[in-house]
K.L.:
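One structure, pasted below without further comment.
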Amino acid sequence: MSDFGPSKDRSDVETSEEKTSEEVVSEEEISEEQVDQEPVNHRFEKLSGLFNPPGPQKFFSYLLFPLVLIYYEILARLFTKTPLFPHLLFPVLFAASLGFFLSAILSLLGPMFRFRMTNILMAILAFYFGLEVVLRNTYQVYMNLSSIIGEFSNVTGNYGGDVVNGLIGAIPLIIVYYIPFILRFVFRRWYKPARGFSPQITVSALGCWLGLWGLGVLLALNLPAVSGKFAAEYSFDSAICTFGITEGTSLDFQYALSGNPAKESFTLETTAEEEAADPDEAEAIEEEEEAAVDYGYNVMDIDFDALIEETDDEAIKSIHEYVNSLEPSNKNEYTGLFEGKNLITITAEALSGQVINEELTPTLYRMATKGIQFTNFYQPAWGGSTTTGEYSVLLGLVPTNNVDSMLDTIGDNMYFTTGNQFQRLGYTSVAFHNGYYKYYDRDQTHPNLGYDSFLGWGNGLEDLLTHWSGDEATVEATLPTYIDEQPFNAYYMSYSGHCTYDADDPKVTENIDHVKEVLGEDTYKDTTLYYFCYQMELEKALTTMIEMLEEAGIADDTVIVICPDHYPYGLGKSSTFGNSEDYLLDLYKVDSYDGFVRDNTCLIIWSECIEDMGLEVDTPVSSLDILPTISNLFGLEYDSRLLVGRDVFSDAMPLVEWADQSFLTEKGWYNAATGEFLPTTDEEVTDEYIDEIKTLVSNRIAFSSAVPRYDYYGILFGEDDVK
């Protein structure tokens, strides 16, 4: 009997042993299999205990994700120098909301699985937040997941070393984001959340999720200072700067799946009242208009009234109605100035107007000052790097889908690109890029833009060059392939100006002495001087190009257009490029900059035939204006209502817009991030005027989004018959 003893005494001993074991076994050491092996009656007792009032330790486990996500959001604003106020409430509300939701969902899992999933989610979130901060500091813009994946697949294949160096440089920042994750492991033996499921707290957590999220949305939609950024004026970057990474990412997923009706709608009437004109001034304007020559309008014979009646698709009908409400721009004395001539267009990698110097870059200086002089030109940072810059230059539309914008045009009829317009006229149309031919899938996109052939490194350009070379060698090798096939339309995406700007690069070793001799050794910092050395390759390429055109006797009959793809972001302070300081400040010679300063750069439209004409454009101009201006100068048939930019020689209002709906007019600069309007003249600017321009910008962005979404040019003109 003593071997077995009374059953009650043995039960007491077993219970005591189980409690002792439960106190020392941490949550990760518990498995579902162990639970299944327990006696049924004992499991019932433990399950019944789950419905006891929860203790503070269990409640704290539900606060883990809200606190961690708030920590991540605050770090993001500190690391990117985004002001904490006045918008800090939004990141806190949305971060806490998502945190409670994750906690509630995880509470439904078994102990072991919950512990592991918590660690996995914390690791993923830390990486994502850290990556977004690195991208913001590198490119001055946040990138959505689609853009990140697109950039990563391209960059790792072509700039793997830079990626590795960037990740190494970003380690301190990433470690800071992983502090909660690390602490959870360090203190895992002290941090022992309750093993069970508490319906009371789970329901409370779900209530907190809905309540905090609802409050955030309610405030976002009803506060005038931020409501536009939540819907009609939404952009991924501005949404994150205002509402935080948590909600910015959530909105991006939402709009990617279901679209953004507010952003895709058009406002056909504005509320701004016309200003009363001075009688004498009005009379002078009227007399001037009567004396002006009537050149007609850049408009095509499209019956939009009939199209509106014929369609039952409300989205297409709204686009028809919008276009039909616009006034076409007028033809002018420069219409057809370049009719029948050849065209060479160059999107110049990271070119800045600061590079143009009479002694250092005499060819660029000649082209900029003896061609059409643009004194107030902007290439906005659209987000998505080079491909979005190309998009604005070649399509004359706002890139609204980051790096996927150009991909969205594959298979569509991109009717108004110079490639397609000149193809219809029988021009030889060719395109080149002395980088990898599949970068940004240009081998698929550029033939659709109207080029009979597109050569890059990997699909034929290497046969002409025999080895990788810069811009000058590319021009030397490719120009002879089409120079005798006039008229021709050639496009180059240059490469030599690409970052990073390294001291041991051949472009630096070959050019640094001359650069220092001209600019001085103390005028700029070393990395900035290296940037000038890289751009010397473009200078050499243009010198070679003009010499070859002159030798062929066609410099008078050839027009060269040069526009940067984006500002030289490789000079910005970033671990990605190994920059410990912001060399853009050195390049621009400023103490600080915003988009207005950063994106002010150069546009060149040159032909030897206009060197003595003294043409100058001092109104605000952007890359969106290039296509309609070139179409007018070449006398091409196009409809000015179907491009969002303007012919700079027409009477259309000068307007430069950014992806976040900031804008610049002749009256001043509106910064959408701050909601401030900074006048550039003494003229009084009313709120009605600002609202009117905001509506114009919103409409232009909505139209730009609609063209590839619905293949709108295909609807108007049918399938492209010159592919």
K.L.:
Short question: side chain of Ser318, backbone of Ala315 - any donor-acceptor pair under 3.5 Å?
P.N.:
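Flag set: sc Ser318 to bb Ala315 pair under 3.5 Å.
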
K.L.:
Side chains of Thr619 and Arg646 only: does a donor on one sit below 3.5 Å from an acceptor on the other?
P.N.:
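Yes, because at least one side-chain N or O of Thr619 sits under 3.5 Å from a partner of the opposite role on Arg646.
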
K.L.:
Using atom types as modelled and distance alone, determine if a side-chain donor or acceptor of Asp599 lies under 3.5 Å from a backbone N or O of His566.
P.N.:
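Between the backbone of His566 and the side chain of Asp599 there is no qualifying donor-acceptor contact (under 3.5 Å).
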
K.L.:
Tell me if the OH atom of Tyr297 is crowded by more than 12 foreign heavy atoms within 6.0 Å.
P.N.:
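Result for OH/Tyr297: open.
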
K.L.:
Please check if the side chain of Ser650 supplies one atom and the backbone of Asp647 the other of a donor-acceptor pair under 3.5 Å.
P.N.:
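A pair under 3.5 Å: yes.
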
K.L.:
Using modelled atom types and a 3.5 Å cut-off, is there a donor and acceptor pairing between side-chain atoms of Thr629 and backbone atoms of Asp625?
P.N.:
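Looks like yes, one N/O pair under 3.5 Å.
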
K.L.:
Stepwise, does the side chain to side chain donor-acceptor pair (under 3.5 Å) test hold for Asn330 with Asn298?
P.N.:
CA-CA 6 Å; Asn330 61 303; Asn298 276 310; over 6 Å; no

K.L.:
Is the closest side-chain heavy-atom distance between Val561 and Ile604 below 4.5 Å?
P.N.:
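Not touching, per the 4.5 Å side-chain cut-off.
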
K.L.:
Please examine the side chains of Ile302 and Leu642, heavy atoms only from C-beta on, and report whether any two atoms are closer than 4.5 Å.
P.N.:
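With C-beta onward as the side chain, the pair touches.
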
K.L.:
Taking atom types as modelled, find out whether Asn413 and Asn448 have a side-chain donor-acceptor pair closer than 3.5 angstrom.
P.N.:
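Asn413 vs Asn448: no donor-acceptor pair found between side chains.
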
K.L.:
Run the ring-centre check on Tyr72 versus Tyr128 and record whether the distance is less than 6.0 Å.
P.N.:
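No, the ring centres sit 6.0 Å or more apart.
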
K.L.:
Side chain to side chain contact (heavy atoms under 4.5 Å, CB included) with Phe677: which of Ile693, Asp687, Ile690?
P.N.:
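That would be Ile690; it is the only one of Ile693, Asp687, Ile690 passing the side chain to side chain contact (heavy atoms under 4.5 Å, CB included) with Phe677.
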
K.L.:
Assess, by modelled atom type and distance only, whether the side chains of Asn402 and Trp382 contain a donor and an acceptor separated by less than 3.5 Å.
P.N.:
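No, no side-chain donor-acceptor contact under 3.5 Å.
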
K.L.:
Are the side chains of Thr680 and Lys667 in contact, using a 4.5 Å heavy-atom criterion?
P.N.:
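Lys667 vs Thr680: side chains apart.
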
K.L.:
So, Glu390 and Thr347: side-chain donor and acceptor under 3.5 Å apart, yes or no?
P.N.:
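Glu390 vs Thr347: no donor-acceptor pair found between side chains.
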
K.L.:
Got a second to check how far Asp303's CG is from Asp301's CG, nearest 0.5 Å?
P.N.:
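That separation rounds to 7.5 Å.
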
K.L.:
Which is it for Val648 and Asn632 under the side chain to side chain contact (heavy atoms under 4.5 Å, CB included) test, yes or no, and what are the steps along the way?
P.N.:
CA-CA 9 Å; Val648 299; Asn632 179 70; over 6 Å; no

K.L.:
In a check of side chain to side chain contact (heavy atoms under 4.5 Å, CB included) between Phe596 and each of Leu664, Leu678, Asn671, which one passes?
P.N.:
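One option only clears the test, and that one is Leu664.
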
K.L.:
Please report whether the ring centroid of Tyr670 lies less than 6.0 Å from that of Phe663.
P.N.:
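They qualify: ring centres under 6.0 Å apart.
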
K.L.:
Are the side chains of Tyr378 and Thr601 in contact, using a 4.5 Å heavy-atom criterion?
P.N.:
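A side-chain contact is absent here, since even the closest heavy-atom pair is not under 4.5 Å.
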
K.L.:
Is any side-chain heavy atom of Val617 closer than 4.5 Å to one of Thr375?
P.N.:
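They are not in side-chain contact.
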
K.L.:
Would you call Pro628 and Ser329 a side-chain contact if the rule is heavy atoms closer than 4.5 Å?
P.N.:
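Side chain of Pro628 against side chain of Ser329, heavy atoms only: no contact under 4.5 Å found.
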
K.L.:
Among Tyr415, Phe416, Tyr638, exactly one meets ring pair (Phe, Tyr, Trp, His ring centres under 6.0 Å) together with Tyr713. Which residue is that?
P.N.:
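Going through the options one by one, the only one that passes is Phe416.
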
K.L.:
Just by modelled atom types, is the Tyr322 backbone N or O under 3.5 Å from a matching donor or acceptor in the Ser325 side chain?
P.N.:
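Flag set: sc Ser325 to bb Tyr322 pair under 3.5 Å.
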
K.L.:
Any chance the side chains of Ser574 and Asn137 put a donor and an acceptor closer than 3.5 Å?
P.N.:
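Per modelled atom types, Ser574 and Asn137 side chains form no pair under 3.5 Å.
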
K.L.:
Give, for atom OG1 of Thr249 and atom CD of Glu132, the distance between the pair rounded to the nearest 0.5 Å.
P.N.:
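Rounded to the nearest 0.5 Å, the OG1-CD separation comes out at 6.0 Å.
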
K.L.:
Where do Val398 and Ser392 land on the side chain to side chain contact (heavy atoms under 4.5 Å, CB included) test, with the steps shown first?
P.N.:
CA-CA 6 Å; Val398 178; Ser392 65; over 6 Å; no

K.L.:
Evaluate Val403 against Thr388 for side chain to side chain contact (heavy atoms under 4.5 Å, CB included), listing each step before the verdict.
P.N.:
CA-CA 6 Å; Val403 297; Thr388 50; 5.6 Å; no

K.L.:
Are any non-hydrogen side-chain atoms of Glu73 and Ile70 less than 4.5 angstrom apart?
P.N.:
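The answer is no, as the side chains (C-beta and beyond) never meet within the 4.5 Å cut-off.
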
K.L.:
Does Trp669, at its CH2 atom, have more than 12 non-hydrogen atoms belonging to other residues, nucleotides or ligands within less than 6.0 Å?
P.N.:
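Check passes, neighbour count above 12.
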
K.L.:
Would you please indicate if the ring centroids of Tyr567 and Tyr593 are separated by under 6.0 Å?
P.N.:
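Distance test on ring centres: not under 6.0 Å, no.
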
K.L.:
Does a donor on one side chain and an acceptor on the other come within less than 3.5 Å for Ser631 and Gln421?
P.N.:
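Yes, because at least one side-chain N or O of Ser631 sits under 3.5 Å from a partner of the opposite role on Gln421.
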
K.L.:
State whether Asp312 and Lys317 are salt-bridged, where the test is any N-O pair (Lys NZ or Arg NE/NH1/NH2 against Asp/Glu carboxylate O) under 4.0 Å.
P.N.:
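Answer for the salt bridge query: no.
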
K.L.:
Looking at OG1 of Thr695 and CG of Asn699, how far apart are the two atoms once the value is rounded to the nearest 0.5 Å?
P.N.:
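Going from the OG1 atom of Thr695 to the CG atom of Asn699 covers 6.5 Å.
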
K.L.:
Is there a donor-acceptor contact under 3.5 Å linking the side chains of Glu349 and Thr386?
P.N.:
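Glu349 vs Thr386: donor-acceptor pair found between side chains.
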
K.L.:
So how far is it from Ser640 OG to Leu627 CG, rounded to the nearest 0.5 Å?
P.N.:
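Rounded to the nearest 0.5 Å, the OG-CG separation comes to 11.5 Å.
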
K.L.:
Flag the pair Leu655 / Pro620 as yes when at least one side-chain heavy-atom distance between them is below 4.5 Å, and no otherwise.
P.N.:
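Heavy-atom side-chain distance check fails, nothing below 4.5 Å.
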
K.L.:
Hey, can you tell me if Phe649 and Tyr334 have their rings parallel, tilted or perpendicular (30° and 60° cut-offs)?
P.N.:
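Judged by the thresholds at 30° and 60°, the geometry between Phe649 and Tyr334 is tilted.
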
K.L.:
Quick one about Asn376 and Asp618 (side-chain donor to acceptor, distance below 3.5 Å, no hydrogens or angles considered), yes or no?
P.N.:
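Their side chains do not contain a donor-acceptor pair, so the 3.5 Å distance test is not met.
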
K.L.:
Can you measure from CG (Leu449) to OG1 (Thr418) and round to the nearest 0.5 angstrom?
P.N.:
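Those atoms lie 8.5 Å apart.
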
K.L.:
Could you label the plane-to-plane angle of the Tyr712 and His320 rings as parallel, tilted or perpendicular, counting under 30° as parallel and over 60° as perpendicular?
P.N.:
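If you compare the ring of Tyr712 with that of His320, the planes turn out tilted.
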
K.L.:
Just by distance, with hydrogens left out, do Tyr142 and Ser238 show a side-chain donor and acceptor under 3.5 Å apart?
P.N.:
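No, no side-chain donor-acceptor pair sits under 3.5 Å.
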
K.L.:
Taking the six-membered ring where the residue is Trp, are the ring centres of Phe90 and Phe243 under 6.0 Å apart?
P.N.:
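Aromatic pair counts; centres sit under 6.0 Å.
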
K.L.:
Taking Asp404 for the side chain and Leu407 for the main chain, is one N or O donor matched with an acceptor at less than 3.5 Å?
P.N.:
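No, because the side chain of Asp404 does not come within donor-acceptor range (under 3.5 Å) of the backbone of Leu407.
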
K.L.:
Is a side-chain donor or acceptor of Ser662 paired with a backbone partner of Ala672 at a separation under 3.5 angstrom?
P.N.:
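A pair under 3.5 Å: yes.
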
K.L.:
Taking the side chain from Ser704 and the backbone from Arg700, do they hold a donor-acceptor pair closer than 3.5 Å?
P.N.:
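Side chain of Ser704 to backbone of Arg700: a pair is present.
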
K.L.:
List the atom pairs, donor and acceptor, that lie under 3.5 Å between side-chain atoms in residues 74-89 and the rest of the protein, sequence neighbours left out.
P.N.:
unit_1: Arg77; atom_1: NE; unit_2: Pro83; atom_2: O; d: 3.4
unit_1: Arg77; atom_1: NH1; unit_2: Cys241; atom_2: O; d: 3.3
unit_1: Arg77; atom_1: NH2; unit_2: Cys241; atom_2: O; d: 2.7
unit_1: Thr80; atom_1: OG1; unit_2: Ala76; atom_2: O; d: 2.6
unit_1: Thr80; atom_1: OG1; unit_2: Thr82; atom_2: OG1; d: 2.9

K.L.:
Please name the pair of heavy atoms, one in Leu212 and one in Ala96, separated by the smallest distance, quoted to 0.1 Å.
P.N.:
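That closest heavy-atom pairing would be CD1-CB, 3.7 Å.
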
K.L.:
CG/Asn144 to OG/Ser235 distance, rounded to the nearest 0.5 angstrom?
P.N.:
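Between Asn144 CG and Ser235 OG, I get 10.5 Å after rounding to 0.5 Å.
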
K.L.:
For Gln254, is there any backbone N or O sitting under 3.5 Å from a side-chain donor or acceptor partner on Ser258?
P.N.:
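Present.
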
K.L.:
For this output row, return yes or no: ring centroids of Trp209 and Phe101 closer than 6.0 angstrom.
P.N.:
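Ring centroids of Trp209 and Phe101 are less than 6.0 Å from each other.
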
K.L.:
Could you go step by step and tell me if Met300 and Glu637 meet the side chain to side chain contact (heavy atoms under 4.5 Å, CB included) rule?
P.N.:
CA-CA 7 Å; Met300 299 173 70; Glu637 182 188 22; 4.1 Å; yes

K.L.:
Measure from the side-chain N and O atoms of Asn420 to the backbone N and O of Met414, and report whether any donor-acceptor pair falls under 3.5 Å.
P.N.:
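Answer holds: yes.
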
K.L.:
For Gly389 and Gln379, which heavy atoms make the closest approach, and how far apart are they?
P.N.:
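Where Gly389 meets Gln379 most closely, the heavy atoms are O-NE2, 3.6 Å.
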
